[in-house]
Amino acid sequence: MALSTPDSEPRLFHGPGPGLRLLLLVTLAVVLMVLDHRNEHLVRIRSSMAALLYPLQQAVDAPVTAARWAGENLASRETLIRENAGFRRQILDQAGRLQRMAALEAENARMRALLDSTAKVGDDVLIAEIVAVDMDRQRHRVVLNRGGESGAFIGQALIDAQGVVGQVIRDRGASAEALLITDPDHAVPVEVVRTGLRTIAVGTGDLDRLSLPFMARNADVRTGDLLVSSGLGGKFPAGYPVATVSEVRGDSGEAFLAVTARPAAALDRVREVLLVTPQATPREPPQAVAPDDQAPAPPAAPAPGTPASVAPPATGTAQ
Amino acid sequence: MSRHRASPLTLWLSLLGALMVTVLPLPAIVDSFWPPWVTMALIYWCMMWPRLCGILTAFVMGLALDLLGGNLLGQHALSLSIVAYLTLRFHLRIRIFPLWQLTMTAFTLMAIDAFFVFWADGIAGLPTGGSGRWTQVIAGGVAWAPTMALLDHLRMRSENRGSRFT
């Protein structure tokens with residue numbers, strides 16, 4: 001143990017004494033906390049400060065990206081061929097389902113037109129990658145490699161191939177912070193597919209568990225029920241799978257059932273996510289759903305050209 | 001001997017390293033046992049190079065932690081400033097402690113740090129988390145001795161390098 005170091009004790013504190021300095025900085029910290037908690041004044045400053053630290057997060061992420069890159073490049077021929085065959089099968093399977101989907105969507109739109117209600121159009125998506133860094137270890141937050149510059153916005157829903165992942169909570173320009181559905185601070189409005197029962201799924205802080213705290217004791221819910229986003233609240237587009245009910249427990253004396261569900265998305269393994277923008281255009285004519293892309297193209301040749309060229313910037317500004 | 005050879009480069013590089021290790025992606029099981037590296041590094045440097053590493057350094061590192069963690073801005077800045085102040089206040093006494101006593105002191109300081117963060121979360125009405133916050137402090141206590149050995153090594157190297165040129 002060194003008794004004295006070269007950085008020795010005399011002239012230790014110049015300027016304001018340590019007590020005063022502490023007082024000033026503590027006051028500053030408290031003011032920052034209050035402003036940040038109100039969430040109005042600091043948003044810009046905070047996002048630009050966080051953007052400064054993004055290189056550090058990228059540096060931490062670099063080995064993971066490099067390992068993935070190496071894995072992709074060093075994969076053997078057979079592995080690639082096998083993978084390719086798998087993908088081809090998957091595409092065929094999904095394309096087959098999509099064919100029916102187009103017909104169903106058109107039918108749905110016609111029905112909705114008959115009922116004179118809003119047609120649900122497909123959602124706009126933006127692909128983002130989760131940067132491999134841990135934020136607060138007690139919370140479930142992630143950093144995305146897309147931000148406001150690429151069209152992400154606060155409140156935007158995140159999904160992966162299996163289901164809802166979370167939502168964007170902070171935009172940092174080139175990157176964004178997102179909250180996972182399992183964060184204890186997060187809740188998703190959901191609907192039980194089998195019964196149409198609506199409730200709220202709250203995060204537990206455990207990556208493979210959501211809790212449904214507001215289920216009445218006589219609610220019709222069973223293990224294995226699929227929960228999809230209900231679209232209430234306007235943040236999450238309706239109809240994406242959120243979780244499957246894994247346990248229903250009704251302890252006598254409790255006012256509500258204790259229901260837990262397992263998230264559909266692979267929250268601990270997901271790397272690529274889709275940022276979804278709901279496109280709920282009110283009173284859309286029913287044809288506008290699926291066949292619209294191909295059908296009117298031949299008669300009005302210049303017309304589709306112009307909207308196509310206008311469309312990307314238009315969506316960009318809208319977001 | 002009036003030249004002080006504490007090297008700002010060593011200090012900031014080690015703090016940056018601590019930040020990066022803090023945000024390293026890890027499996028969820030390890031998360032609750034991941035020591036508060038930045039706090040540990042700050043306690044060490046405030047104790048050893050009190051003129052170079054002070055309350056302001058701690059404040060800046062705290063802000064960086066808040067931004068990286070997506071926490072309330074100022075939360076760690078507050079707790080780390082207080083920890084740095086306490087360390088500076090007692091640095092002459094702590095320095096000559098035997099290792100076990102020093103570990104206990106560092107553990108207490110880390111607990112104080114965790115407590116202020118926890119408190120700020122509570123006041124702001126944010127989820128205060130489970131036991132993970134406190135098991136991290138215990139992990140910090142366990143990791144203190146090896147970490148200090150590593151930082152001692154870094155410090156010796158930079159101090160000796162300094163003397164070669166004077």
Side-chain angles (χ1 to χ4, degrees), chain A residues 1-9 11-14 18-19 21-22 24-26 28-37 42 45-46 49-53 56-57 59-61 64 131-139 141-143 169-170 172 177 179 183-185 203 205-208 268, chain B residues 1 3-6 16 19-20 22-28 31-32 34 48-52 54-56 58-59 62-64 66-75 77-78 81-82 84-85 88-89 92 95-99 102 120 124 126-127 129-130 132-133 136 152 155 159 162-163:
Chain A
M1 210 53 277
L3 288 184
S4 86
T5 59
D7 185 53
S8 52
E9 301 73 44
R11 293 192 285 121
L12 182 50
F13 301 119
H14 326 255
R21 206 178 298 180
L22 176 73
L24 286 175
L25 288 177
V26 163
L28 182 59
V30 170
V31 168
L32 278 177
M33 278 196 274
V34 171
L35 288 180
D36 195 36
H37 192 49
L42 272 181
I45 304 171
R46 183 173 179 140
M49 275 162 69
L52 281 181
L53 285 171
L56 193 137
Q57 289 174 323
V60 173
D61 176 58
V64 181
V131 179
V133 292
D134 253 23
M135 298 184 70
D136 194 321
R137 288 182 191 276
Q138 308 308 317
R139 310 263 163 81
R141 295 186 188 136
V142 291
V143 180
I169 49 167
R170 265 188 212 112
R172 314 198 297 209
E177 289 169 26
L179 195 65
D183 187 280
D185 223 7
D206 194 349
L207 266 181
D208 53 8
D268 45 350
Chain B
M1 204 49 214
R3 264 178 89 115
H4 84 89
R5 284 162 295 174
L16 201 66
L19 264 187
M20 288 175 71
T22 306
V23 298
L24 217 58
L26 290 170
D31 273 350
S32 300
W34 200 234
M48 288 306 178
W49 287 349
R51 267 206 317 200
L52 200 59
I55 305 171
L56 195 62
F59 187 82
L63 281 188
D66 290 330
L67 289 168
L68 285 176
N71 293 313
L72 207 55
L73 195 65
Q75 214 175 352
L78 171 80
S81 301
I82 291 166
Y85 173 77
L88 286 181
R89 187 84 182 71
L92 288 179
R95 241 189 233 177
I96 55 168
F97 277 170
L99 185 60
L102 190 54
L126 300 167
R133 199 190 289 276
Q136 277 183 335
D152 261 339
R155 180 174 61 87
E159 282 174 4
S163 69

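The sequence lines fix the lettering, A, B, ..., with proteins before strands; numbering per chain opens at 1.
- For the set Ser32(B), Ala84(B), Gly69(B), Ala120(B), the entry with the most heavy-atom pairs within less than 4.5 Å of chain A is Gly69(B).
- Only the side chain of Leu63(B) comes within less than 4.5 Å of a heavy atom in chain A; its backbone stays farther off.
- Put simply, CG on Leu24(A) and CG on Leu56(B) are 10.5 Å apart, with the number rounded to the nearest 0.5 Å.
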Open item on the list: Assess the residue pair Leu73(B) and Met33(A) against the criterion (side-chain contact (heavy atoms from CB on, under 4.5 Å)); give the C-alpha distance rounded to whole Å, side-chain angles, the decisive distance to 0.1 Å, and a yes or no.
Closed with: CA-CA 5 Å; Leu73(B) 195 65; Met33(A) 278 196 274; over 6 Å; no
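- Leu19(B) pairs by the side chain to side chain contact (heavy atoms under 4.5 Å, CB included) definition with Leu56(A), Val38(B), Met61(B), Ala64(B), Leu65(B), Leu68(B), not counting sequence neighbours.
- Taking CE from Met20(B) and CG from Asp61(A), the interatomic distance works out to 10.5 Å, rounded to the nearest 0.5 Å.
- Between Leu25(A) and Ile55(B) the shortest heavy-atom distance is CD1-CG2, 3.5 Å.
- Between chain B and the options Leu32(A), Leu28(A), Val60(A), heavy-atom pairs under 4.5 Å are most frequent for Val60(A).
- In terms of modelled atom types and a separation under 3.5 Å, the side chain of Arg141(A) and the main chain of Gly70(B) share a donor-acceptor contact.
- Considering every non-hydrogen atom in both Ala29(A) and Phe59(B), the closest pair reads CB-CE1, 3.9 Å.
- Arg170(A) pairs by the salt bridge (Lys or Arg N to Asp or Glu O under 4.0 Å) definition with Glu177(A), not counting sequence neighbours.
- For the options Asp66(B), Leu72(B), Leu78(B), heavy-atom pairs under 4.5 Å to chain A are most numerous at Leu72(B).
- Heavy-atom pairs under 4.5 Å with chain A peak, among Ala77(B), Ala58(B), Ala124(B), at Ala124(B).
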